[in-house]
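Sequence lines set the chain letters: A, B, ... in the order given, protein chains first and strands last, and positions in each chain run from 1. What's counted below: heavy atoms across the whole structure, side chains too, no hydrogens, waters or symmetry copies.
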2 protein chains.
Amino acid sequence: MAGRPREFDRDKALEKARDAFWTRGYEGTSMADLVSALGIASARIYAAFGSKEDLFREAVGLYEANEGGFATRAFAGETTARRAIERMLREAVETYTQPGRPQGCMVVSAATNCAIENDRVQEWLAEHRRTRTLSIVERLNEAVRDGELRPDTNAAALGDYYATLMHGLSVQARDGVPKKRLHDLITVAMQALDARLAGVPEFQHHFAKQP
Amino acid sequence: MAGRPREFDRDKALEKARDAFWTRGYEGTSMADLVSALGIASARIYAAFGSKEDLFREAVGLYEANEGGFATRAFAGETTARRAIERMLREAVETYTQPGRPQGCMVVSAATNCAIENDRVQEWLAEHRRTRTLSIVERLNEAVRDGELRPDTNAAALGDYYATLMHGLSVQARDGVPKKRLHDLITVAMQALDARLAGVPEFQHHFAKQP
DNA sequence: CTAATTCTTTGTTGATCGATAAAGAATAAA
DNA sequence: TTTATTCTTTATCGATCAACAAAGAATTAG
């Protein structure tokens with residue numbers, strides 16, 4: 001063991017790689033781009049991270065453990081589904097529109113138009129999105145079981161609805177739609193959940209589960 | 001003028017190019033891919049279409065004139081905003097999930113993670129999305145002026161909301177979410193508009209414009 | 001010290017990228 | 001027919017792609 005110690009900070013390098021991939025995506029970021037972003041020769045990148053694909057996967061992991069962890073954080077930190085969903089959406093918007101930072105969601109935008117040889121990477125991110133959708137549905141199902149939401153609530157449709165909206169938020173943020181407009185549309189979107197809360201009888205006939 | 005007549009069908013070739021770009025995106029589709037998809041040598045592609053970028057722009061134009069024209073069609077073909085918005089969303093889902101066809105929206109997914117040298121292409125598609133968002137907002141503003149929607153309706157937020165949802169639908173469709181689930185979440189989303197329709201007094205206090 | 005190990009530097013690999021040059025083939029105008 | 005024009009074929013261009021080989025440099029273990 002031992003040997004010559006690494007001269008650069010691996011964690012700092014990974015952060016720079018995450019930002020590069022977040023901004024330009026997997027294929028949009030070349031090894032030459034990474035060399036100049038990390039400030040180290042390509043051979044050193046390969047020695048430290050394995051391959052471009054390995055580096056990307058590790059960079060996405062870092063993203064999800066921090067900026068991209070709004071869903072996990074919201075579900076862990078809020079006691080009601082109503083507050084968790086809203087917090088998730090509003091934290092997503094904050095993350096997607098941070099000034100001086102890459103815009104949008106790395107998981108949504110980093111690998112959507114890949115060449116056939118990078119299909120595995122694209123599919124890997126798609127699986128992350130599907131898992132996130134599932135976790136939202138599951139939280140809403142829990143809310144129905146808990147009695148927070150009416151028993152006839154279609155939690156699957158409601159969860160798909162919020163997941164779809166969140167993925168759309170990433171597109172809009174990347175297109176430069178200002179933060180305030182995104183927050184305003186979230187306000188509109190929260191009404192679907194409010195209408196399903198137990199104890200709001202006048203809405204019941206309008207928002208009943210589809211047959 | 002005149003000269004040797006072209007031996008291949010330019011329109012058919014453009015359709016094949018549109019499908020290739022729709023499936024794999026601008027950068028994900030190489031000239032070699034186009035050569036095999038169109039069945040003609042690269043020099044003939046350049047003679048007929050100029051460059052890869054010119055071909056892509058023409059392919060997007062074809063997409064928008066047909067499959068991707070659901071928004072324009074809905075606004076032209078429906079007399080109420082309520083029906084226009086729903087038709088736009090449901091036709092979008094049909095387009096995004098057509099069996100045996102490229103999934104999702106070409107305008108949303110064909111150029112989201114591009115290298116810096118293709119920024120113009122990426123920005124060009126973003127401009128298309130912003131224009132589409134604007135057209136939705138404008139239709140809702142019209143509905144407020146017409147009295148279809150309550151005068152205190154925040155048409156900008158409502159339009160952003162439906163544009164965001166539509167862009168999210170493309171992500172979900174690409175991820176393989178089945179058509180039925182997408183239609184079900186649209187049903188949830190239509191309630192935001194229903195709640196703003198004139199003549200539904202009991203909703204007024206819940207869906208009032210933000211201060 | 002020596003030997004083993006790991007990192008850094010430098011230069012380069014073969015493959016693929018988008019794009020085109022050059023020459024031959026097929027048409028219309030004169 | 002001659003000439004001009006346009007398309008097709010073939011072969012390739014220089015640039016860039018991700019990845020690595022080889023040798024030198026710096027450390028620890030023994």
Side-chain angles (χ1 to χ4, degrees), chain A residues 1-14 16-18 20-21 23-60 110-111 113-122 124, chain B residues 1-14 16-18 20-21 23-60 110-111 113-122 124:
Chain A
M1 333 227 142
R4 178 173 182 171
R6 183 176 287 126
E7 290 181 358
F8 66 95
D9 187 325
R10 193 182 186 279
D11 294 337
K12 291 250 170 68
L14 184 58
K16 290 173 184 170
R18 176 205 55 200
F21 282 131
T23 304
R24 292 262 149 224
Y26 178 63
E27 287 188 346
T29 307
S30 68
M31 280 308 300
D33 293 334
L34 290 168
V35 165
S36 75
L38 310 204
I40 55 177
S42 74
R44 302 171 75 179
I45 299 178
Y46 280 92
F49 297 102
S51 67
K52 184 189 174 186
E53 183 176 337
D54 290 338
L55 174 57
F56 176 75
R57 294 175 118 105
E58 216 175 312
V60 170
N113 50 291
C114 285
I116 184 85
E117 61 263 29
N118 293 317
D119 233 357
R120 292 189 351 273
V121 174
Q122 193 166 324
W124 182 69
Chain B
M1 334 227 139
R4 180 173 179 172
R6 181 177 289 125
E7 288 180 359
F8 66 95
D9 186 325
R10 192 182 187 281
D11 294 338
K12 291 250 170 67
L14 184 59
K16 290 173 184 170
R18 176 205 55 199
F21 282 130
T23 303
R24 292 262 149 226
Y26 178 63
E27 286 188 345
T29 307
S30 68
M31 281 307 301
D33 292 335
L34 290 168
V35 165
S36 75
L38 310 203
I40 54 178
S42 72
R44 302 172 75 180
I45 299 178
Y46 281 91
F49 297 102
S51 67
K52 185 189 174 187
E53 181 174 337
D54 290 337
L55 174 57
F56 176 74
R57 295 176 118 105
E58 215 174 314
V60 171
N113 49 292
C114 285
I116 185 85
E117 60 262 29
N118 293 317
D119 234 358
R120 292 188 351 275
V121 174
Q122 193 165 324
W124 183 69

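The separation between B:Ile45 atom CD1 and C:dT20 atom P is 13 Å, rounded to whole Å. Atoms CZ (B:Phe49) and P (D:dT6) sit 17 Å apart, rounded to a whole Å. Taking atom CD1 of residue B:Ile116 and atom P of nucleotide D:dT16, one finds them 14 Å apart after rounding to whole Å. Between B:Leu55 atom CG and C:dT20 atom P the separation is 14 Å, expressed in whole Å. The separation between A:Asn118 atom CG and C:dC17 atom P is 11 Å, rounded to whole Å. As rounded to whole Å, 15 Å separates atom P of C:dA15 from atom CD of A:Glu117.
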Taking only nitrogen or oxygen atoms into account, show me every contact under 3.5 Å that the protein makes with nucleotides 8-11 of chain D, one pair per line with its distance.
from: D:dT8; atom 1: OP1; to: B:Glu7; atom 2: N; distance (Å): 2.6
from: D:dT8; atom 1: OP1; to: B:Arg44; atom 2: NH2; distance (Å): 2.7
from: D:dT8; atom 1: OP2; to: B:Arg44; atom 2: NE; distance (Å): 3.4
from: D:dT8; atom 1: O5'; to: B:Arg44; atom 2: NE; distance (Å): 3.4
from: D:dT9; atom 1: OP2; to: B:Arg44; atom 2: NH1; distance (Å): 2.8

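With hydrogens and angles disregarded, a donor-acceptor distance shorter than 3.5 Å links the side chain of B:Glu27 to the backbone of B:Ala115. Checked by atom type and distance alone, the side chain of A:Arg18 never pairs as donor or acceptor with a backbone atom of A:Val60 at under 3.5 Å. Between the side chain of A:Arg24 and the main chain of B:Cys114, a donor-acceptor pair closer than 3.5 Å is present.
Of the side-chain N and O atoms in B:Tyr46, none sit less than 4.0 angstrom from OP1 or OP2 of C:dT20.
Of all the residues in residues 25-39 of chain A, A:Thr29, A:Ser30, A:Met31, A:Ala32 reach under 4.0 Å from DNA chain D with at least one non-hydrogen atom.
The two residues A:Ala20 and A:Leu34 make their nearest non-hydrogen contact at CB-CD2, 4.3 Å. Of all the heavy atoms in A:Met31 and A:Tyr46, the pair that sits closest is CE-CE1, 3.4 Å.
For the side chain to side chain donor-acceptor pair (under 3.5 Å) test, residues two or more places apart in sequence or in another chain that qualify with A:Ser30 are A:Asp33.
Both tests hold for A:Lys52 against A:Tyr26: distance to the six-membered ring centre under 6.0 Å, angle to the ring axis within 45°.
Side-chain atoms of B:Ile116 and B:Asp119, non-hydrogen and from C-beta on, do get closer than 4.5 Å to each other.
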